[in-house]
Amino acid sequence: MNESQRLQDDIQTKSMAKLAPLLNSYKLNCDSLATALKWKSIVLLLGNYSSGKSTLINELLGSNIQLTGQSPTDDSFTIITSPDPGSEPKDIIGSSLVNDERMPFTAFKEYGEQFMSHFALKQIDSPQLADMAIIDTPGMLDSITEKDRGFNYNRVIGDLAKLADLVVLMFDPHKAGTIREVYDTIRNTLPANTGEDRIIFVMSRIDECDNPADLIRSYGTLCWNLSQMTGRKDIPRIFMTYAPDLSRVPESMAAWNNERAELKDKILAAPSLRVNHILQHIDKQAHELRMISEVLTAFSNKGRLLLRKTSRAAASTALFLFFFLDIIVREFTGLPETTLISSLLSGTVGWPNLLIPTIGVGSATFLISLFFSRVQFPRLKKQSVTEPEKLIDLDSDYRQQLWTQVNAQVRLLLKAAGLKDVIVGHQINLRKIDKFISGDLQNYYKKIS
Ligand SMILES: Nc1nc2c(ncn2[C@@H]2O[C@H](COP(=O)(O)OP(=O)(O)OP(=O)(O)O)[C@@H](O)[C@H]2O)c(=O)[nH]1
Ligand SMILES: [Mg+2]
């Protein structure tokens, strides 16, 4: 095990141990974190059909592991990786993959039989794949509808993109971004599921352009389509490549010779991004937890303040009733013969003198605690559930973004809040999260810098 894998293991075990109890206490699912921390680095290859995805994989691995062809060739999601050390390479079918707890695909069970029959893992002895897996995906099409595929293609892509350290999006000059599924993926699916820095754009098969003018036209079309899809005017870097073994590279394309090598280096370097991405995921999760805990702490602080005020009022009422209730009762009923104050003055206090004062104190305490629990606390809860954002400052874009992630859960937790949340509070959780963020997490960042 090398240094980076050791660090990754350490991060995985410790972070899970520290964050899981907190996630549980805020009724959040640990699965997403556990899944993100599992297994090896993943590179996801997406693109329209015949854009050269499988060709690039074969070239990277020096083996014809994937079928290639001019028409839509492959309608499956294929994970390609090396076998476990000491094991023989084998193929694993989709239904086994989604049941293997060591791998991050258990949640894919929900996509059903149709998906599972289009999902498989192929193992190949390849040093590049020791700590990495490449996922070849079905080419994106124009005509097919979600129903035709039999599973929700874009949701599957979204879930895979969440796991991937690198997403390679491939186009070819003939269909430079005009495919409907490509549009949906770039417009709706990827932005919500992966960081912009994790996507690389590739125009492949550029050797099929007859001349530079043809190439520039295709590049321009792709840029135009990309900006329509992303809604942005700036154009990301697009790797312009071709498969050297297949191409009849015209002289004029020689300028692009290095792009393929650079692209392959980038893909093979994906494992070096893994620790960083794991930390980003943990960081995000910890800050979301922190915000939830912050809101609940603010809620419990408000509750405590209210309880303190009410208790103070209760204490003065109880004190008043302790000394004067028997005098008031005597005014109306003529009894008791001796009040507490007169017995105190005469130095003859006995149990009978304490009876009415005790009833007074007991009733005041009971009524006021009833008032707090039945009137004041529900009112505070209602206010907080309606406008939970008022409990904290959302004074930066980052905090507002976090808020959009957590506010639904915060509302649920506030709706379910009880007196325990006021009495015990959430300060301890908040302290634990702060300690994790400023201690463990910072140490990990230092180690990878
Ligand atoms: N001339 C040329 N042909 C290429 C290049 N890359 C791929 N091809 C050919 O283009 C066709 C499609 O390539 P594939 O690798 O099968 O494409 P794909 O993206 O995997 O396609 P699907 O699996 O159908 O989505 C094949 O016939 C390849 O031989 C290239 O750079 N230059
Ligand atoms: Mg293919």
Side-chain angles (χ1 to χ4, degrees), residues 43-81 91 94 115 117-122 124 133-144 148-149 151 153-154 156-157 160-161 166-186 189 199-212 214-215 218-219 222 238-264 266-267:
V43 176
L44 179 66
L45 252 83
L46 302 175
N48 53 249
Y49 70 93
S50 300
S51 54
K53 301 178 291 296
S54 307
T55 304
L56 177 64
I57 292 177
N58 290 348
E59 193 184 311
L60 268 169
L61 304 178
S63 153
N64 281 339
I65 187 159
Q66 288 296 81
L67 263 185
T68 61
Q70 284 298 349
S71 50
T73 304
D74 193 352
D75 60 355
S76 292
F77 292 84
T78 313
I79 306 165
I80 304 153
T81 191
D91 292 349
F115 168 71
S117 62
H118 289 87
F119 187 41
L121 183 142
K122 286 186 190 172
I124 169 174
I134 301 181
I135 307 185
D136 196 1
T137 60
M140 298 179 192
L141 301 166
D142 242 347
S143 54
I144 221 156
D148 292 326
R149 287 211 191 260
F151 56 87
Y153 175 80
N154 262 297
V156 171
I157 295 281
L160 289 173
L166 198 64
V167 177
V168 180
L169 203 42
M170 287 183 87
F171 306 88
D172 63 276
H174 319 291
K175 327 173 210 55
T178 52
I179 304 277
R180 189 184 66 78
E181 282 183 334
V182 175
Y183 182 92
D184 286 348
T185 304
I186 298 182
T189 308
I199 306 178
I200 47 180
F201 295 88
V202 178
M203 166 122 84
S204 193
R205 300 175 64 168
I206 61 164
D207 58 296
E208 289 173 324
C209 296
D210 290 330
N211 51 54
D214 198 13
L215 175 68
S218 298
Y219 176 77
L222 177 57
I238 300 171
F239 283 83
M240 309 288 282
T241 80
Y242 53 84
D245 297 345
L246 300 176
S247 53
R248 40 172 192 95
V249 190
E251 279 292 297
S252 50
M253 298 291 169
W256 305 106
N257 278 354
N258 291 332
E259 294 260 305
R260 189 80 162 182
E262 213 184 310
L263 170 65
K264 289 198 279 189
K266 250 195 136 130
I267 293 177

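Atom set for the values below is all heavy atoms of this structure, side chains included, hydrogens, waters and symmetry mates excluded. Quick note: residue numbers are just sequence positions, from 1. All ligand and atom numbering here is 1-based and tracks the order in the structure.
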Inset, instruction - Mind checking whether Gln66 contacts ligand 1 via backbone (N, CA, C, O), side chain (CB onward), both or neither, at a 4.0 Å heavy-atom cut-off? - result: neither
Legend entry - Verdict with reasoning, Ile206 to Glu259, per side-chain contact (heavy atoms from CB on, under 4.5 Å): CA-CA 11 Å; Ile206 61 164; Glu259 294 260 305; over 6 Å; no
Legend entry - Shortest protein heavy-atom distance from atom 24 (O) of ligand 1, along with the residue and atom involved: Thr73 N, 2.7 Å
Legend entry - No-hydrogen, no-angle side-chain donor-acceptor test under 3.5 Å, Asp136 and Ser54: yes
Legend entry - Lys122-Gln66 side chain donor-acceptor pair, cut-off 3.5 Å: yes
Legend entry - Protein heavy-atom partner closest to atom 15 (O) of ligand 1 - residue, atom, separation in Å: Thr55 OG1, 2.5 Å
Inset, instruction - Would you indicate whether the side-chain heavy atoms of Asn58 and Ile65 approach each other to under 4.5 Å? - result: yes
Inset, instruction - Give the C-alpha distance, both sets of side-chain angles, the deciding distance and a yes or no for side-chain contact (heavy atoms from CB on, under 4.5 Å) between Ser204 and Arg260. - result: CA-CA 9 Å; Ser204 193; Arg260 189 80 162 182; 3.6 Å; yes
Legend entry - Polar contact flag for Tyr242 and ligand 1 (N/O pairs, less than 3.5 Å): no
Legend entry - atom 23 (O) of ligand 1: nearest protein contact (heavy atom, Å): Asp74 CB, 3.4 Å
Legend entry - Flag, side chain of Tyr153 to backbone of Pro138, donor-acceptor distance under 3.5 Å: yes
Inset, instruction - Check the surroundings of atom CG in Leu246: do more than 12 heavy atoms from other residues, nucleotides or ligands lie under 6.0 Å from it? - result: yes
Inset, instruction - Report the relative orientation of the aromatic rings in Phe77 and Phe119; use parallel for angles under 30°, tilted for 30 to 60°, perpendicular for over 60°. - result: perpendicular
Inset, instruction - Consider every N or O of Thr241 and every N or O of ligand 1, then say whether any pair is closer than 3.5 Å. - result: no
Legend entry - Validation row: Leu160, Ile135 side chains within 4.5 angstrom (heavy atoms): yes
Inset, instruction - Return a yes/no value for Ser51: is any of its N or O atoms, backbone included, closer than 3.5 angstrom to an N or O of ligand 1? - result: yes
Inset, instruction - Between Gly47, Gly52, Gly69, Ser76, flag the one that comes closest to atom 12 (C) of ligand 1 by a heavy atom. - result: Gly69
Inset, instruction - Run the numbers on Val202 and Ile238 for side-chain contact (heavy atoms from CB on, under 4.5 Å), then give the verdict. - result: CA-CA 5 Å; Val202 178; Ile238 300 171; 5.9 Å; no
Inset, instruction - Could you say whether the N/O atoms of Thr68 and ligand 1 ever approach to under 3.5 Å? - result: no
Legend entry - Identity and separation of the nearest protein heavy atom to atom 20 (O) of ligand 1: Ser54 OG, 2.7 Å
Inset, instruction - Could you tell me whether some N/O pair between Gly139 and ligand 1 is separated by less than 3.5 angstrom? - result: yes
Inset, instruction - Can you pull out the closest protein heavy atom to atom 4 (C) of ligand 1? Residue, atom name and distance to 0.1 Å, please. - result: Leu246 CD1, 3.4 Å
Legend entry - Heavy-atom side-chain proximity of Ser51 to Met203 below 4.5 angstrom: no
Legend entry - Under 3.5 Å donor-acceptor, Arg205 side chain and Ser50 backbone: yes
Inset, instruction - Mind checking whether Asp207 contacts ligand 1 via backbone (N, CA, C, O), side chain (CB onward), both or neither, at a 4.0 Å heavy-atom cut-off? - result: side chain
Inset, instruction - Check ligand 1 against Glu208 and write out every atom of the ligand that is under 4.0 Å from a heavy-atom position of the residue. - result: 1 (N), 2 (C), 3 (N)
Inset, instruction - Could you pull out, from Glu59, Arg260, Lys53, the option with a heavy atom nearest to atom 25 (O) of ligand 1? - result: Lys53
Legend entry - Atoms of ligand 1 close to Ser50 [distance to a heavy atom under 4.0 angstrom, numbered from 1]: 12 (C), 17 (O), 18 (P), 19 (O), 21 (O), 22 (P), 24 (O), 25 (O)
Inset, instruction - Looking only at protein heavy atoms, identify the closest one to atom 31 (O) of ligand 1 and say how far it is in Å. - result: Ala243 N, 2.6 Å
Legend entry - Under 2.8 Å from the Mg ion (ligand 2), the protein N, O or S atoms, given as residue and atom: Ser54 OG
Legend entry - Heavy atoms of other groups near Lys266 NZ, more than 12 under 6.0 Å: no
Legend entry - Member of Ile157, Val168, Ile199 meeting the side chain to side chain contact (heavy atoms under 4.5 Å, CB included) criterion with Leu46: Ile157
Legend entry - Closest candidate by heavy atom, reference atom 10 (O) of ligand 1, pool Met140, Arg205, His174: Arg205
Legend entry - Worked check of side-chain contact (heavy atoms from CB on, under 4.5 Å) between Lys53 and Thr137: CA-CA 8 Å; Lys53 301 178 291 296; Thr137 60; 4.2 Å; yes
